[in-house]
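Notes for the one structure printed next.
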There are 2 protein chains.
Amino acid sequence: MSPNSGSPVLTPDQQETWFAYMRVMLRLSHEMNRQLQTDSDLSLPDFDVLNALADSPGGRLQLTGLATRLAWERSRLSHHLQRMSARGLVERSPSATDRRATDAVLTDAGRAALTAATPGHAELVRRMFFDGLDPALLPALRTALEQVHEQVLTHGTLPRPGRPQGRLPGLEPEA
Amino acid sequence: MSPNSGSPVLTPDQQETWFAYMRVMLRLSHEMNRQLQTDSDLSLPDFDVLNALADSPGGRLQLTGLATRLAWERSRLSHHLQRMSARGLVERSPSATDRRATDAVLTDAGRAALTAATPGHAELVRRMFFDGLDPALLPALRTALEQVHEQVLTHGTLPRPGRPQGRLPGLEPEA
DNA sequence: GGAAGCTACATGACATGTCACCCAATTCGG
DNA sequence: CCGAATTGGGTGACATGTCATGTAGCTTCC
């Protein structure tokens, strides 16, 4: 127990950085939700799910893996997939390797919805995020975010995404 | 996986930066929620509201101003304040200047809850965000985030928050 | 091989957020 | 001053997210 570490204080610079982060995150979330909803009839969570699936081989992913990747509760994912499958965007199909597991699979309609929504979303991201950013700061921003990401993975409560969890610690970090 | 590079959207570097941002935001939100909930019996939205009020003169703020500051829908704020006031954390009081307006006012209990919750939250932020960050990158990160914030304010759909551009959801230095 | 315990999910009750629409006070144009 | 338009806010129905719990398949170990 170090005498001082009990009451952690952020430096003024850190505080301002943190406030800026929170402000950006709140407003950006709002704008993304709004744009997706009105232009593509998708919520941001819908979009995240579609993206994660489209990025996976065969457009399919086991629920636990998908939940970890999205940092969602599994029950949330379960409910959400039920609603998305009711809309025809995804399907549930039993896993080939584990009979208690379920895979979420992107349907053609889901892929089409994603394809239709992506340009508008990317455009928004460019306009809201990158157009106001000094290009000289981009590499530093990227590195900083990747460092924070690694930190959250290492010290956070969520398992590391990607492959099976529960492996021995000491694996090299990856971006 | 991007055969039609005809879309003039994001450069590869921008894409990776964006993905890193989204990953950080998802996991960080999860961790903050979890920590506040288990340690202080507050949700992150609760905490944001308390912080915004505590940062305002008299611990009071008109609903529209508060909603704008938090990037919330007004009806959401209305419902949320109803629940928070049922828990004794805030009160509603009619505005002095405009008889249709309502102010949200921090109660003593609300201020106490905030004071109790802040150190743990700050500790989490330090551990998850800043401890893994190369200090040399901090200034660039801060500037980048401030540029993005300005961009979202300028080109976003939300009105610019009130002049007292004080702190947003976050934490106070605490003495 | 079979009970104990873990893991993968589903589900129902309940908390939270959104949308459409409501009313009252204020403002504005005659 | 009168009435329409605007602004500040509340509300109820419904969409979404969380928590506690239930069930089935896998795994371990004797």
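So that the names make sense, note that chain A is the first sequence line, chain B the second, and so on, each numbered from 1.
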(request) Could you run through nucleotides 22-27 of chain C and give me one letter per nucleotide, 5' to 3': B if any protein heavy atom sits under 4.0 Å from the base, S if only the sugar-phosphate is that close, - if neither? (result) ---BS-
(request) Send over the distance from B/E73 CD to C/dC19 C1', rounded to a whole Å. (result) 9 Å
(request) For the pair A/T107 (side chain) and A/L89 (backbone), establish whether a donor and an acceptor sit closer than 3.5 Å, ignoring hydrogens and angles. (result) yes
(request) Determine whether the side chains of B/Q37 and B/N33 contain a donor N or O and an acceptor N or O closer than 3.5 Å. (result) no
(request) Mind listing the closest non-hydrogen atom pair of B/H149 and A/R27 along with its distance? (result) NE2-NH1, 4.5 Å
Tabulate below the donor-acceptor pairs under 3.5 Å that side-chain atoms of residues 109-118 of chain A make, not counting sequence neighbours, or state none.
unit_1: A/T115; atom_1: OG1; unit_2: A/R111; atom_2: O; d: 2.8
unit_1: A/T118; atom_1: OG1; unit_2: A/L114; atom_2: O; d: 2.7

(message) Less than 4.0 angstrom from a charged side-chain N to a carboxylate O is my criterion; do A/D48 and A/R69 meet it?
(response) no
(request) Not counting sequence neighbours, list each pair that qualifies as a salt bridge (charged side-chain N to carboxylate O under 4.0 Å, His left out) and has a residue in residues 72-93 of chain A. (result) A/D46-A/R87
(message) I'd like the 5' and 3' limits of the part of DNA chain D contacted by chain A, with heavy-atom contacts below 4.0 Å.
(response) D/dT16 to D/dC26
(request) Indicate whether the side chain of B/T11 and that of B/Q15 have a donor and an acceptor atom separated by less than 3.5 Å. (result) no
(message) Any donor-acceptor pair under 3.5 Å linking the side-chain atoms of A/E31 with those of B/T157?
(response) yes
(message) Does the plane of the ring in B/F47 sit parallel, tilted or perpendicular to the ring in B/H121? Use 30° and 60° as the thresholds.
(response) tilted
(request) Any salt bridge (charged side-chain N to carboxylate O under 4.0 Å, His left out) involving residues 131-142 of chain B? Give me the pairs, sequence neighbours left out, ordered by first then second residue. (result) A/D13-B/R142, B/R126-B/D131, B/R142-B/E146
(message) Heavy atoms within less than 4.0 Å of DNA chain C: which residues of residues 75-96 of chain A have one? Give them sorted by number.
(response) A/S75, A/S78, A/H79, A/Q82, A/R92
(request) Would you kindly give the CZ-to-P distance between A/R74 and C/dT7, to the nearest whole Å? (result) 9 Å
